[in-house]
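Numbering of ligands and ligand atoms starts at 1, following listing order. For the numbers below, each heavy atom of this structure counts, side chains included, while hydrogens, waters and symmetry mates do not. Position 1 is the first residue of the sequence, and the numbers go up from there.
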Amino acid sequence: MIDELIGFLKDSPGVYIQTHDFPDPDAAASAFGLRHLFRQRGLNPEIVYAGEMQTPTLLTMVERLAIPVINIKDTELDPSYPIVIVDGCKGNKNVTDLPGEEVAVIDHHLVTNPESVKFSDIRSHYGSCSTIIADYFDRLDETMPREVATALYIGLEVDTALLTRKVDADDLNAFGKLFALTDHALANRILRNHIQTQDLSFYKYAIDHLKIKDRVAFCYFPQGCNQNLMGILGDFFLALREVNFVLLCARNGSMVNVSLRSEVPEWNASLVIRKALEGIGNGGGHAEMAGGVVRDADQFQPELFFNAIEMILAEEDLRHQSIFRR
Ligand SMILES: [Mn+2]
């Protein structure tokens with residue numbers, strides 16, 4: 001796929017590499033790696049994104065590795081440039097539709113092949129999109145610079161929660177190769193410092209307001225909470241021995257963001273969120289972590305939503321005949 005894509009893009013004066021909105025380290029790393037490959041092959045790529053960069057991990061990574069990311073608010077996009085989407089898919093709620101034509105999708109989420117896109121490389125069984133990009137370097141026999149390796153290493157580590165979530169044999173293979181090339185002093189510093197002082201008030205609020213019922217933890221943030229922090233808080237509560245599934249919701253502007261974490265195979269977070277948001281919003285992701293939005297925050301009733309999720313989980317228990325919750 002990557003050979004054909006590069007061949008296809010050869011005559012274009014430029015190409016946009018678009019991450020999903022509110023990018024995470026895996027998205028930024030994938031875009032950075034692909035940008036390097038494209039440049040080596042004589043293309044003129046630019047990394048663009050919508051939303052904002054939210055976490056300290058990401059901000060430090062972008063700064064220290066000099067990843068040239070452009071917010072679409074700060075630039076005039078050339079609509080004649082083709083678009084390659086990484087770590088997300090055309091049509092996803094969290095991938096803003098930009099003016100140009102989407103020609104390729106490179107993703108590891110549970111998505112269906114978008115028919116309107118010429119090239120797609122979707123490897124849903126991979127822990128990170130960074131793994132796919134590392135594989136491209138292999139296939140094209142291209143040397144990987146230290147900065148790119150360090151970025152991909154961080155992307156892989158963050159998306160797999162330090163190799164504890166959704167790890168495929170190919171992820172481990174990529175991990176080994178990236179490990180040898182990575183600047184570990186920098187990577188470890190970035191990986192360790194993944195929250196900041198101002199986040200603690202959200203931890204406090206969540207600890208004070210968390211409800212735990214039948215191995216499911218739930219919290220609603222009426223004051224709002226950024227999406228990336230919700231994911232980090234989800235992992236935090238998933239660490240509780242009594243909890244196998246976490247549901248966090250936050251009112252952000254006129255919408256409600258939803259973030260899910262699951263550590264049991266019966267409860268596929270991506271499937272659960274799609275069911276729960278049918279008719280009221282959109283969602284998707286992975287079996288282990290997923291997210292979505294409820295379109296109308298004024299209509300949102302946290303308790304009812306929690307109950308609806310509980311019912312879906314009970315249905316899934318029946319479907320999988322797992323009468324006893326773990
Ligand atoms: Mn990812």
Side-chain angles (χ1 to χ4, degrees), residues 17-35 47-55 57-59 61-62 65 67 69 84-96 104-114 120-137 148-168 170-175 178 187 190-191 194 226-232 234-235 238 257-262 268-270 273 283-292:
I17 300 172
Q18 182 188 4
T19 70
H20 57 72
D21 303 347
F22 300 93
D24 57 19
D26 184 39
S30 300
F32 187 41
L34 191 63
R35 172 182 177 273
I47 303 172
V48 296
Y49 72 99
E52 55 181 290
M53 302 242 170
Q54 294 176 327
T55 61
T57 311
L58 186 62
L59 294 169
M61 187 177 145
V62 164
L65 297 172
I67 302 178
V69 286
V84 175
I85 300 172
V86 291
D87 198 32
C89 192
K90 180 182 166 66
N92 278 11
K93 195 73 193 161
N94 70 338
V95 178
T96 296
V105 164
I106 299 165
D107 195 11
H108 72 123
H109 290 82
L110 295 169
V111 289
T112 37
N113 261 356
S120 63
D121 189 356
I122 294 165
R123 307 187 197 179
S124 305
H125 53 296
Y126 277 19
S128 77
C129 193
S130 294
T131 305
I132 304 178
I133 305 297
D135 179 55
Y136 292 162
F137 276 83
V148 170
T150 305
L152 294 175
Y153 177 84
I154 294 169
L156 172 55
E157 286 273 52
V158 171
D159 257 30
T160 60
L162 310 179
L163 302 182
T164 63
R165 176 173 62 206
K166 200 187 177 186
V167 184
D168 185 83
D170 287 351
D171 292 310
L172 286 180
N173 180 38
F175 181 84
L178 295 171
I190 290 173
L191 287 166
H194 70 294
N226 87 51
Q227 295 167 42
N228 280 298
L229 182 57
M230 277 207 281
I232 292 167
D235 289 333
L238 198 63
N257 288 103
V258 184
S259 176
L260 302 184
R261 287 290 189 272
S262 171
N268 180 319
S270 178
I273 192 67
H286 311 274
E288 300 82 355
M289 52 175 184

- Verify, without hydrogens or angle tests, whether Lys90 (side chain) and Val95 (backbone) share a donor-acceptor contact under 3.5 angstrom. no

- With respect to Ile106, which candidate in Ser120, Cys89, Cys129 satisfies the side chain to side chain contact (heavy atoms under 4.5 Å, CB included) definition? Cys129

- Message: Distance check below 2.8 Å: does Asp159 bring an N, O or S atom to the Mn ion (ligand 1)?
- Response: yes

- Task: Decide yes or no for Leu163 and Thr160: does some side-chain heavy atom of the first lie under 4.5 Å from some side-chain heavy atom of the second?
- Result: yes

- Is the Mn ion (ligand 1) less than 2.8 Å from an N/O/S atom of His108, whether that atom is in the backbone or a side chain? yes

- Task: Name whichever N, O or S atom of Asp87 ends up nearest to the Mn ion (ligand 1).
- Result: OD1

- Arg123: which of Asp135, Asp171, Asp107 passes salt bridge (Lys or Arg N to Asp or Glu O under 4.0 Å): Asp135

- Looking only at N, O or S atoms, find the one in Asp26 nearest to the Mn ion (ligand 1) and name it. OD2

